[in-house]
Amino acid sequence: MLFRSGIYIIATGLHYNSQAFREAGIPKPGSWEDLWNPRLKGKVALYSFDVAYSQDLLVLLTKLAGGTEKDVRPGLERIKSLKSSGNLVSFASSPAELDNMLVQGQAWITVNGSPRAFILKEKGAPIDFAFPKEGAGFFTNYFEVIKGAPNPRGAQMLVNFLSSPEMQLIIAKGVVAAPVNRKVTVPEALRAMIPYGDEQIGKLIRIDRNEMNRQLDSWAEMWRREVEARRS
């Protein structure tokens, strides 16, 4: 019986308005450094720090600068430089708000989880997603049987059922995510939208979530004060 299992695997990367890029003659992004492209002045938006993808971005940029979760100052300085460049001008408090900004062209590029971009694209929005060449972020949620659960055996059975190949395929298609069960045969059309296979998943940048959780409050205060220039 499984007590804890990942639900799926998605990537944190570059979510952008492909129509805006095309009309402006800007090549599609492929690197984290593209956020600093001078031609994107006033066109970069991020989530506020309350949304997990901005928390992850802080760590990802720190790691790309050679740092670790122990001290995210390198990543914070990179985000501050993005704002001082004039590129970063907006912060969204929710996924729906950020989706609207991208679809309507108020912002042209952001950092987001891959499913949101691909789901919008499948609905006909001029949106696409890029896996940065330096490595996208590794992101997953978990099924977990909590200590003291009133029906632990039933909960364990549910986790096993949701981790089965059949359910993992349903979840992968519905979420646009990589299944965690290796026995799943992923449809060809889905493979281009997910971190598929050991090689691609191995390229994703992982975050020490335990260390992150220990420091999250202090990171949030630094972000609010130094990036968004507001007090908590």
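Residue indices begin at 1 and follow the sequence shown. Owing to the predicted nature of the structure, the values given are computational and were not obtained by experimental measurement.
Considering only residues two or more places apart in sequence or on other chains, Lys80 meets the salt bridge (charged side-chain N to carboxylate O under 4.0 Å, His left out) condition with Glu77, Glu226. Under the side-chain contact (heavy atoms from CB on, under 4.5 Å) criterion, Val184 pairs with Pro165, Gln168, Leu169, Pro179, Asn181, Val186, sequence neighbours left out. Under the salt bridge (charged side-chain N to carboxylate O under 4.0 Å, His left out) criterion, Asp56 pairs with Arg209, sequence neighbours left out. Residues meeting the side-chain contact (heavy atoms from CB on, under 4.5 Å) test with Lys147, sequence neighbours left out: none. Residues satisfying the salt bridge (charged side-chain N to carboxylate O under 4.0 Å, His left out) test with Arg22, not counting sequence neighbours, are none. Applying the salt bridge (charged side-chain N to carboxylate O under 4.0 Å, His left out) criterion to Arg206, with sequence neighbours excluded, gives no partner residue.
Side-chain contact between Asp99 and Leu120 is present, with at least one heavy-atom pair separated by less than 4.5 Å. No side-chain heavy atom of Asp128 sits under 4.5 Å from any side-chain heavy atom of Lys28. The side-chain heavy atoms of Ile127 and Ile119, taken from C-beta on, include no pair separated by under 4.5 Å. Proximity of Phe21 to Ile109: side-chain heavy atoms (C-beta onward) are separated by under 4.5 Å at one or more points. In this structure the side chain of Ile9 reaches within 4.5 angstrom of the side chain of Leu204, judged on heavy atoms. Under the 4.5 Å side-chain criterion, counting only non-hydrogen atoms from C-beta, Leu35 is in contact with Val111. Side-chain contact check for Asp198 versus Arg182: some heavy-atom pair is nearer than 4.5 Å. In this structure, Leu60 and Thr12 have side chains that are in contact, with non-hydrogen atoms separated by less than 4.5 Å.
Transitive grouping of hydrophobic side chains (ILVMFWY, heavy atoms separated by less than 4.5 Å) keeps Phe131 and Phe138 in distinct clusters. Residues Ile10 and Ile171 are members of one and the same hydrophobic cluster, defined by side-chain heavy-atom contacts under 4.5 angstrom among Ile, Leu, Val, Met, Phe, Trp and Tyr. Linking Ile, Leu, Val, Met, Phe, Trp and Tyr residues whenever their side-chain heavy atoms come within less than 4.5 Å leaves Val180 and Ile170 in two separate clusters. Residue Leu88 is grouped with residue Leu61 when hydrophobic side chains (ILVMFWY) are merged at heavy-atom distances under 4.5 angstrom, including chains of intermediate members.
Without hydrogens or angle criteria, Asn213 side chain to Asn210 main chain gives no donor-acceptor distance under 3.5 Å. Of the possible donor and acceptor atoms, none in the side chain of Lys41 sits under 3.5 Å from a partner among the backbone N and O of Asn87. A donor-acceptor pair is defined here as one N or O able to donate and one able to accept, closer than 3.5 Å; such a pair exists between the side chain of Asn17 and the backbone of Leu102. Of the possible donor and acceptor atoms, none in the side chain of Asp50 sits under 3.5 Å from a partner among the backbone N and O of Ser93. Between the side chain of Ser54 and the main chain of Val51, no donor-acceptor pair closer than 3.5 Å is present. With hydrogens and angles ignored, the 3.5 Å screen pairs no side-chain donor or acceptor of Ser163 with any backbone N or O of Asn160. For Glu134 (side chain) and Ser31 (main-chain N/O), no donor-acceptor pair under 3.5 Å exists by modelled atom type.
Aromatic pair Phe91/Tyr47: centroids not less than 6.0 angstrom apart.
Considering all non-hydrogen atoms of both residues, Gly135 and Ile205 come closest at O-CD1, 3.5 Å. Ala130 and Pro29 get closest at one heavy-atom pair: CB-O, 3.2 Å. Shortest non-hydrogen contact noted between Arg116 and Ala96 is NH2-N, 4.2 Å.
Counting heavy-atom neighbours within 6.0 Å of Asn151 CG, excluding the residue itself, gives a total above 12.
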- Task: Take Leu40 and Ile26 through the side chain to side chain contact (heavy atoms under 4.5 Å, CB included) test and state the conclusion after the steps.
- Result: CA-CA 9 Å; Leu40 292 175; Ile26 302 174; 4.0 Å; yes
- Task: Please assess Met167 against Phe161 for the test side chain to side chain contact (heavy atoms under 4.5 Å, CB included), listing each intermediate value before the final yes or no.
- Result: CA-CA 7 Å; Met167 286 305 299; Phe161 171 68; 3.6 Å; yes
- Show your working on side chain to side chain contact (heavy atoms under 4.5 Å, CB included) between Leu216 and Phe49 and close with a plain yes or no. CA-CA 10 Å; Leu216 203 54; Phe49 197 75; 3.9 Å; yes
- Report the C-alpha distance between Tyr53 and Phe139 in whole Å, list the side-chain angles of each, state the deciding distance to 0.1 Å, and finish with yes or no for ring-ring contact (aromatic ring centres under 6.0 Å, His included). CA-CA 9 Å; Tyr53 294 113; Phe139 193 95; 5.2 Å; yes
- Message: Using side chain to side chain contact (heavy atoms under 4.5 Å, CB included), reason through Leu82 and Val44 one step at a time and then give a plain yes or no.
- Response: CA-CA 9 Å; Leu82 183 61; Val44 179; 4.1 Å; yes
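Judged purely by distance below 3.5 Å, without hydrogens or angles, the side chains of Thr62 and Glu69 never pair a donor atom with an acceptor atom. One side chain, Trp223 or Glu228, offers a donor N or O that lies under 3.5 Å from an acceptor on the other.
At least one test fails for Arg39 against the ring of Trp108: distance under 6.0 Å to the centre or angle within 45° of the axis.
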